[in-house]
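Read through the structure below, which is laid out as structure tokens, and then see the notes.
Positions are given from 1 along the sequence.
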Amino acid sequence: MRVSCRPLATGAALLLLAACQATPEATPEAAQRQYGHLTFKPCTLTSTQASDNVEAQCATLQVAENPAAPDGRKIGLNIAWLDTNNEGEGKGDPVFFLAGGPGQAATEVAAVINVALREVRKQRDIILVDQRGTGKSNPLTCVGADGKEMALDDTIAPTTQAIADFAAQCATSLASRADTRFYTTTQAIADIDTVRAALGVDKINLIGGSYGTRVAQQYAAHYPQHTRAVVIDGVAPNDVVVGGDFANTFEAAIDLQAAQCKKDAACAKRFPVDTRTQLKNVMDALAKAPVEVEYRDPGTAETKRDVLTSDSVTGLAFMFSYMPELSSLLPVVLDEAAHGRYAPLMSLSSMASRSLGVQMNRGMQWSVICAEDADRYQEPAASDRLLGPEVARMFFAACPGWKVGTRPKDFTAPLKSDLPVLLLSGQFDPVTPPRYAEQVLKTLPNGRHLIAKGQGHGTLNAGCMPRLLGQFMDKADAKSLDATCLDSLSPVPAFTSFNGWEP
């Protein structure tokens with residue numbers, strides 16, 4: 001699960017990944033291809049964050065918005081098919097990739113998935129379904145009276161009331177085109193099975209990332225007869241409250257990063273004050289007196305002046321902790337800030353809020369977390385955590401005014417299954433740490449948990465993982481995998497200056 005990180009208050013209130021858009025092209029009738037009962041046409045999946053486009057086949061499947069009212073409003077599920085790279089026919093059981101968030105559209109991360117699943121695709125088709133409420137599957141996009149997408153005012157520090165007011169306006173804008181009660185995980189897994197049946201296949205394989213691990217577990221529990229094998233990366237147990245444990249998981253990730261620096265002689269010498277302490281010191285200083293900073297905008301190279309707050313620094317640290325390549329910058333920029341030089345922090349904060357602020361569909365996200373998580377959240381007692389209870393308050397601030405669906409009584413029950421399941425974790429993951437996967441593994445006798453050393457949130461592309469995914473999908477046997485190739489992974493050293501780390 002990801003949070004977009006503008007100043008923390010909104011940043012930790014929204015989950016996140018990449019920005020792409022499926023762009024079907026006009027094609028002659030002869031170019032159409034049939035897959036089961038679905039007719040696909042060539043399309044190009046493009047991405048602003050990837051150098052390559054992905055050529056695919058696209059189709060739309062109409063389903064009832066409310067399953068109990070099949071003659072009521074219909075919504076179109078946007079589906080992309082990445083056919084096997086093998087010159088012959090692919091295996092009969094395709095792989096469905098389930099995106100994260102909640103709020104991310106599967107087709108919008110096609111470039112990333114195409115690379116991560118390159119070995120899988122040699123034998124199996126990849127199916128990307130934009131979960132209802134995301135991408136082009138009747139997205140729950142907040143639109144104002146002027147027809148333009150609404151946005152929170154990011155020039156001021158957000159409050160729970162501001163988010164609640166924004167959500168109320170969003171709910172009003174959606175009333176005529178969506179019933180937000182029917183955009184939950186429960187409806188999503190029913191959609192997946194409807195797509196499976198429309199493709200004319202009996203069994204499918206599931207690969208879920210982050211929030212997609214919840215979707216995968218729910219599908220495997222309710223449709224075991226149609227599930228062949230499962231991969232869950234960045235595992236969220238069914239009973240975890242999305243957003244409710246971030247204070248603890250982020251703290252643990254920062255502690256691991258600090259410990260890593262202490263083990264490295266050059267890093268320990270350069271930064272005698274550990275990362276966690278340095279971050280707390282900078283946060284405390286800015287909480288007492290936010291600083292107006294002159295900095296160079298990383299997108300335009302213009303010189304600007306803005307106010308740097310404690311929340312924006314914490315949000316930046318949280319976002320950076322997802323990816324080791326970014327978290328390696330934290331010690332040096334925090335050290336600069338500790339000496340009164342805030343421009344590097346301000347530039348990075350500006351870059352983060354702009355590049356990650358629009359990647360999740362908020363309406364769909366609220367429909368999921370308000371129905372599945374909000375009422376289960378219990379605010380912890382006061383503590384000295386870097387992230388305080390206001391993070392979760394912001395996270396669930398939209399829920400009182402949102403039209404909320406329901407969840408099955410067994411929704412939080414652990415997945416108990418004999419299916420082959422491969423569980424993946426990043427050692428330094430700040431939101432779905434390895435202990436989550438270990439919890440889920442307890443009820444999966446044919447499961448296996450692999451931890452990618454030095455990695456953060458999301459490991460499908462780490463080292464030899466693409467090859468292991470191909471082998472697992474081929475044999476559907478997690479325990480027989482030779483995963484020693486993952487031993488070559490190592491943590492990214494911390495930058496000791498803006499020139500990089502010391503050799």
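One finds a salt bridge joining R181 and D179 here, because a Lys/Arg side-chain nitrogen approaches an Asp/Glu carboxylate oxygen to under 4.0 Å. Taking 4.0 Å as the cut-off between side-chain N and carboxylate O, D83 and R33 count as a salt-bridged pair. Under the 4.0 Å criterion applied to side-chain N and carboxylate O atoms, E438 and R435 are not assigned as salt-bridge partners. In this structure, E65 does not pair ionically with R132, as no charged nitrogen and carboxylate oxygen lie closer than 4.0 Å.
Heavy atoms from other residues, nucleotides or ligands lying under 6.0 Å from NZ of K475 number 12 at most.
Among T213, T249, D245, the one residue that satisfies the side-chain hydrogen bond (donor to acceptor under 3.5 Å, both in side chains) test with Y436 is D245.
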Step by step, would you call L348 with F320 a side chain to side chain contact (heavy atoms under 4.5 Å, CB included)?
-> CA-CA 10 Å; L348 291 174; F320 272 23; 3.9 Å; yes
For the pair E372 and V242, evaluate side chain to side chain contact (heavy atoms under 4.5 Å, CB included) and give the outcome as yes or no after the intermediate values.
-> CA-CA 9 Å; E372 300 170 9; V242 174; over 6 Å; no
May I have the step-by-step check of side chain to side chain contact (heavy atoms under 4.5 Å, CB included) for Y183 and N361, ending in yes or no?
-> CA-CA 12 Å; Y183 290 77; N361 185 289; over 6 Å; no
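Side-chain atoms of D130 and T107 form a donor-acceptor pair, as typed in the model, at a separation below 3.5 Å. Between the side chains of N138 and R177, no donor-acceptor pair is found at a separation under 3.5 Å. In summary, the side chains of D93 and N205 do present a donor paired with an acceptor at a separation below 3.5 Å, with no hydrogens or angles considered. T484 and D487 share no side-chain donor-acceptor pair at under 3.5 Å.
Contact record, L386 with T314: O-CG2, 4.2 Å, taken as the closest heavy-atom pair. Nearest heavy-atom pair, P331 versus T275, reported as atom, atom and distance to 0.1 Å: CG-OG1, 3.9 Å.
Using cut-offs of 30° and 60° on the angle between ring planes, the pair F40 and W81 is perpendicular.
In summary, the aromatic rings of F246 and F318 are positioned with their centroids under 6.0 Å apart.
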